[in-house]
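See structure below.
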Amino acid sequence: MPADELFAERLRKVEQLAARGIPSYGVDFRPTATMTRARALLDVHEREHPPEVGEPVVGPEVAVAGRVMQLRPQGGVCFAHLQDETGRLQVWLREDRLGDATYDVVRSLDLGDIVGVSGHVTRTRRGEPSVLADSMTLLVKALRQPPEKFHGLQDLETRYRKRYLDLLSSGAQRRHFATRTATIRALRASLDSRGFMEVETPILQPIAGGGAAVPFVAHWNALHTDVYLRIAIELHLKRLLVGGYARVYEIGRVFRNEGLSPKHNPEFTMLEAYQAYATYDDMRALTEALIVVGGRSLDLHPPYAVTRMADLVHERCGVDVLDRWDDMQQAAADLNVEVPADHGPGATLLEIYEQRVEPELWAPTFVLDYPADVSPLARRRVDDPRFVERFELIVAGRELANAFSELNDPVDQRRRFEEQAQLRAAGAAEIPPIDEDFLEAIEVGMPPAGGLGVGVDRLVMVLTGKMSIRDVLLFPTMRPQHRSVAAAAHDYGHHESPSERAEDP
RNA sequence: GCCCCCUUAGCUCAUCGGAAGAGCAGCCGGCUUUUAACCGGUUGAGGGAGGUUCGAUUCCUCCAGGGGGCACCA
């Protein structure tokens, strides 16, 4: 039967109930127990009042509410499994207890409806814990069918686009996303307990800096100007260090105008934390402390391996990159690593590392000391200014964390921004323009500090063993479907904006 | 942006160059301790647009969406 006929059939039931004065929505009902709690009450009752053989169990009275997931009507009796957040429980609906009027409602129940049931917890002849209903109230008539009751929702696209269907038909999925929340809660608690202050900083920015990524553009009608969605949190948190806070962090969404992949979602959750009078060595300790909070099944117990990038490349590729610094392009060529000709030694070294070393790093490893020219916000090493005090934590070939001793020398910072600006002028759209407002803040004086960024989604992927970032996002970004795009364009009307006038690259 | 694969009923799955089949859900009837309840009856489908063919769901082209890979990705 086509979807619209199934829909019409349920709507017809709503009207029939209404004709008899029975509402299908907006009915107040106060559950006194969850499904899990009601089961527990039955267990306790049976322990304290062991039932005689053949005698019916009459446990405590409860009121439960949930979605109808299974229906087994058989004439004057009907068994249904109701589901709430905690689980499922059978309710036992009898015509002789409910009366004709209510039992007519039972006869019209469909899978997916939400009902409230009051009665004593008991156990049926087959031993199934149940609520023997003294009353039943229809709370919601579902107009659309839930997914197939046995196989659940299989279609990946539907599970991503209509996550509510995925969740309501899969307790495993509900538990899975609860672990994501638990992980984030643990990160927050850990930072709070270390004296970090959680803050909120702007998402709409005139210059989206703090990283290298093409930003999303938004239009601000009142000011007739475009603004950008942030690509990182960094620069505002550093302004707060200037302002005098010693330890700040934010867990929030950042946006990068890039393609989709199992490891990339255009919007994702970043944790950034900054600590005054600390270095990247302190950030390493902090990273270990944070990761172990969420790390359960995986072997993520610190201490982790610590190696310098130059040493890793030397060991794994047999190339002494420090020796061949001025010859790095040739070193890459020798290793069959393709590098754009305009890459300097540092960028070339990073390319070699990312292609040849990083994918092989499975056990948690801190990779230390990145080239300075690819790390414009990090402090140079005193002993070798070609490198900065920066590390990434690599687990299973993925970057989980990125941290450095923050650059607080405003003169060096300006010089590095200007070098970056040259790359931008040469066509690197992912390099942000110089942020004078940020430089001014640094010029007021930012204490030496360590900073840490953690890709929360990737952390959750590692902790839960998921291979796709879509599986740790409740609502992953999906390509808009045509019908909704047309409708949205119509709803919003047409506003000429700089972003619309700009050529799409 | 490129390459490969996928799209059959509301859901879960079959089949096929020659009348598209099932389970669940739905509808009608039966059933007062069921468990993916059961029994009888019954409605309903090839993502979209073209092309090849006597005939296309099947073969071809394009489009859309999805999955994987590449590119991109501090």
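In what follows, every chain begins at residue 1, and chains take the letters A, B, ... in the order their sequences are listed.
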message: Tell me if the side-chain of A:R126 makes a donor-acceptor pair with the base of B:U33, cut-off 3.5 Å, by modelled atom types.
response: no
For atom CD of A:E128 and atom C1' of B:A37, their distance in whole Å: 12 Å
message: Rounded to whole Å, how long is the line connecting atom CG of A:D96 with atom P of B:U32?
response: 11 Å
Look at the side-chain N and O atoms of [X] and state whether any lies under 4.0 Å from the OP1 or OP2 oxygen of [N].
{"X": "A:R256", "N": "B:C72", "answer": "no"}
{"X": "A:K263", "N": "B:C70", "answer": "no"}
{"X": "A:R10", "N": "B:G26", "answer": "no"}
{"X": "A:Q74", "N": "B:C38", "answer": "no"}
{"X": "A:R72", "N": "B:A37", "answer": "yes"}

Look at all strands and tell whether [X] reaches a base, only sugar-phosphate, or nothing, counting heavy atoms closer than 4.0 Å.
{"X": "A:P262", "result": "sugar-phosphate"}
{"X": "A:G453", "result": "nothing"}
{"X": "A:R479", "result": "sugar-phosphate"}

message: Between B:G47 and B:G41, how many Å separate the two C1' atoms, rounded to a whole number?
response: 33 Å
Euclidean distance, A:D166 CG relative to A:L474 CG, rounded to 0.5 Å: 9.5 Å
message: My understanding is that a pair needs two contacts under 3.5 Å, Watson-Crick or G-U wobble. By that rule, which nucleotide pairs with B:G55?
response: none
